[in-house]
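Worksheet: the structure to be examined is printed underneath.
So that the names make sense, note that chain A is the first sequence line, chain B the second, and so on, each numbered from 1.
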Amino acid sequence: MELKEKLVSSFLAFESTVDVKNPLHDIRTKAIKDFEAFGFPTKKVEAWKYTSLNSVLKNDFALFPKSEVAIEYKDVKKYFIHDLDTYKIVFIDGVYSSHLSSTTHDKFDVCLMSSALTQNRFKAVIDVYFNKIAKQDGLVALNTAYSKEGAYVYLPKNTAGDKPIEIVHFSTGSEDAMLLQPRNLIVVEDNSEVTVIERHQSLSENKTFTNSVTEIYAGRNAHVDYYKIQNDTNSASLIDNTFTDQYDHSVASVHTFAFGGEITRNNLNFTQKGQGIDSILNGVTILEGKTHVDHNTLVEHTEPNCESHQDYKGIFDEKSTGVFNGKIVVDQIAQKTNAFQSNNNVLLSDKATVNSKPQLEIFADDVKCSHGCTIGQLDESALFYLKTRGIPEKEGKALLMYAFANNVLDSVKIPQLKTRINALIAEKLGVSIGFDL
Amino acid sequence: MLEIKNLHASIDEKEILKGLNLSVKAGEVHAIMGPNGAGKSTLAAVVSGKEDYEVTEGSIELEGEDIGELGADERAHKGVFLSFQYPVEIPGVSVTNFMKTAINETRKARGLEDMPARDMLKKIKEKSELLEIDSKFLSRSLNEGFSGGEKKRNEIFQMAMLEPKVAILDETDSGLDIDALRIVANGVNKLKSNDNAVIVITHYQRLLEYIVPDYVHVLHDGKIVKSGTKELALELEEKGYDWIKAEL
Ligand SMILES: Nc1ncnc2c1ncn2[C@@H]1O[C@H](COP(=O)(O)OP(=O)(O)OP(=O)(O)O)[C@@H](O)[C@H]1O
Ligand SMILES: [Mg+2]
């Protein structure tokens, strides 16, 4: 049976695990119909021209884990920012692990979506925000239809999260192939701030396919920093659909560190719904093997006097492939918009490829928009210069790659996270460099 | 210290060095002069190990060891240093981080531990003071947006940090104002000892008044065609190269 049919027909079984009398369930039943109509995207769709899901969708995915697997913290410690005090929302094969998590309801909520969707005290927030920010396409509809579990973060007005929140999804390989569909909601009301670090990690060679949806609400003067670490195994694929709505004078940033995974697709959407807003989209992609990463960004400027900054750096070795498709829309009333986008790529092998496509749709006349895309090789004369100073080829190349990605790395605000990302890069490049950028 | 014998080197099938001989002993300063395109920078690049050049004949020995097959990094570890005629800009790497990496990679290659952070800072401070380099330069990206003179001064700062056995200074004087020239020359002289050697490539006598050479060579069409003492530099400045070409 094709995955689509299987998903549609399994919805009945899924319904037996949720409260169908809850009015929220109408959202799911509508969504499964939408999914049935839209289906999975194919390469015929312009936005999916360079990314085919065929190799992933052909697997016979288990939709519900049969058994619960326990994981010891010491075995997965390295996947956490363990030298940083954080709240943690951890899932094992899609099932919440209270054992590995550390949540709160003190002043603000850091907890489970399954609680938020079912318990009365969260109803007011859920009614206002849940599924109101995400734009529906086939994948989002599919996630919505099966929405049940994920991370729920709610900061009421004038609240600063006292520590970052880690959202970590492990897949253990308890099934030959597993489909995971986490659904996250991050609501940061006026004058509040929060930092989130998200990671998906497969612990086996078995196939994992994650179709994740995250909705982020940033109220007036809110500040949201979201970091995504995508360093999964070659048997894991991820479609990350993240939607952010921003209101006056809010600042929201999403950093995406895409270092691995069979196929990774980031659908990152920002909608600016007020004035004086800043949206920051940064990414570092470092790939090798046959891995594939597709960054598909959309920033919609719908009000005047806002800014957006996109800076994506990519380094591609062996047969890896990268896609950057960055769309900026500036509505007619969105005067004085400053929208910047840059996508720079280095190809380390002649078999690696990058497709970079900016799309600017500007309907206002008083705006500053710039976009630039480069695809090049490592600078040989710079490498020679480094070698004449005693820095060997491998370390020299690594240094140049760090330097290339430096401004994005530099914008990571948490030192422990920055150190971790530097270490991940060093590990990937097989070097140990005695400096800290 | 450095023995170059019958060196032939070509790039893209074109022979640039055509049988060059040069013998530099410890404690000596050699100046190499010669017209544009003679092959001076090529010599510097070939000695420091640039792989674009093919050495078709001859040998390069450092302290009796043939270094002709070594990579540029390995030559650096053995004590070869090149001050570039055109230093490369490397955005995103600060001078300090670059220097730390260079020193510690060199130490690693020599079987030494990383230099303790405190010693490193002390050394950076000492050498930047020697070259009168403002500390805010050290946190800037390597050579990025540096003026021509600042780049050259930074090259000699690196030389001071790395303490090479043989330093080749390729037109380090070009782009320097009078004061900077004095500072740079003074730096080089302070680093000079009986255990190392300096090869100065220049077009001008001016630098040689500060860094006084023991020998002056004229490089023309890929060969050293005349050698003499520092008076030769004066004569070249006065008469140009035509009389030498005529002698050939
Ligand atoms: N890739 C190349 N292909 C062909 N010829 C080259 C190449 N690179 C350099 N050359 C030639 O080699 C010759 C020597 O160049 P080099 O830079 O060594 O001269 P130089 O003596 O340092 O000159 P200057 O005083 O102008 O610095 C020049 O004629 C130059 O054009
Ligand atoms: Mg030259």
Side-chain angles (χ1 to χ4, degrees), chain A residues 282-286 311-315 342 344-346 372 374 376-412 415 418-419 421-423 425-426 429-437, chain B residues 44-45 47-53 70-84 86-110 113-117 120 141-144 151 155 158-159 161-164 167-168 170:
Chain A
N282 285 339
V284 177
T285 304
I286 305 178
D311 189 353
Y312 280 79
K313 299 272 162 62
I315 298 170
S342 86
N344 302 301
N345 302 288
V346 172
T374 60
Q377 273 84 39
L378 269 197
D379 181 352
E380 287 296 329
S381 61
L383 192 57
F384 174 63
Y385 188 79
L386 296 177
K387 285 166 90 176
T388 63
R389 295 334 186 217
I391 301 171
E393 173 120 0
K394 198 161 88 171
E395 281 73 14
K397 280 184 174 169
L399 188 60
L400 291 177
M401 289 188 238
Y402 269 107
F404 172 70
N406 185 34
N407 56 330
V408 173
L409 295 173
D410 219 31
S411 64
V412 173
K418 197 194 278 188
T419 304
I421 289 164
N422 278 337
I425 295 176
L429 303 177
V431 295
S432 71
I433 289 187
F435 67 88
D436 199 24
L437 283 163
Chain B
V47 171
S48 41
K50 189 156 186 164
E51 281 157 18
D52 301 357
Y53 295 93
L70 300 181
D73 50 330
E74 295 166 303
R75 296 185 199 198
H77 300 154
K78 297 209 179 288
V80 176
F81 179 86
L82 169 61
S83 169
F84 282 62
Y86 304 108
V88 183
E89 299 197 5
I90 307 188
V93 181
S94 72
V95 176
T96 305
N97 279 335
F98 166 65
M99 238 32 271
K100 282 183 193 166
T101 310
I103 289 209
N104 283 333
E105 288 298 338
T106 300
R107 290 176 66 93
K108 201 197 287 176
R110 292 175 183 165
E113 296 278 301
D114 278 4
M115 183 179 280
M120 183 75 78
S141 279
L142 186 58
N143 291 328
E144 192 188 26
K151 283 181 185 165
E155 293 290 286
Q158 294 176 35
M159 172 185 164
M161 289 295 294
L162 293 165
E163 302 176 276
I168 306 169
D170 191 358

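Heavy atoms of B:Glu74 lying under 4.5 Å from chain A are absent altogether. Proximity to chain A is absent for every atom of B:Asp52, based on heavy atoms less than 4.5 angstrom apart. Looking at B:Ile103, neither its backbone nor its side chain comes within 4.5 Å of chain A, counting heavy atoms on both sides. B:Pro164 does not touch chain A: none of its heavy atoms, backbone or side chain, sits under 4.5 Å away. Contacts between B:Lys78 and chain A at a heavy-atom distance below 4.5 Å are absent for every atom of the residue.
Put simply, the side chain of A:Thr388 reaches to within 4.5 Å of the side chain of A:Phe384, judged on heavy atoms.
Salt-bridge annotation for A:Lys397 and A:Glu393: present, with a side-chain N of the basic residue lying under 4.0 Å from a carboxylate O of the acidic one. The pair B:Asp114-B:Lys108 fails the salt-bridge criterion, with no side-chain N (NZ, NE, NH1 or NH2) lying under 4.0 Å from an Asp/Glu carboxylate O.
Contact record, B:Ser83 with B:Glu155: OG-CB, 3.3 Å, taken as the closest heavy-atom pair.
Here the CD1-CG distance, from A:Ile425 to A:Leu409, works out to 4.5 Å after rounding to the nearest 0.5 Å.
The choice from A:Asp379, A:Ile391, A:Leu386 that makes the most heavy-atom pairs within less than 4.5 Å of chain B is A:Ile391.
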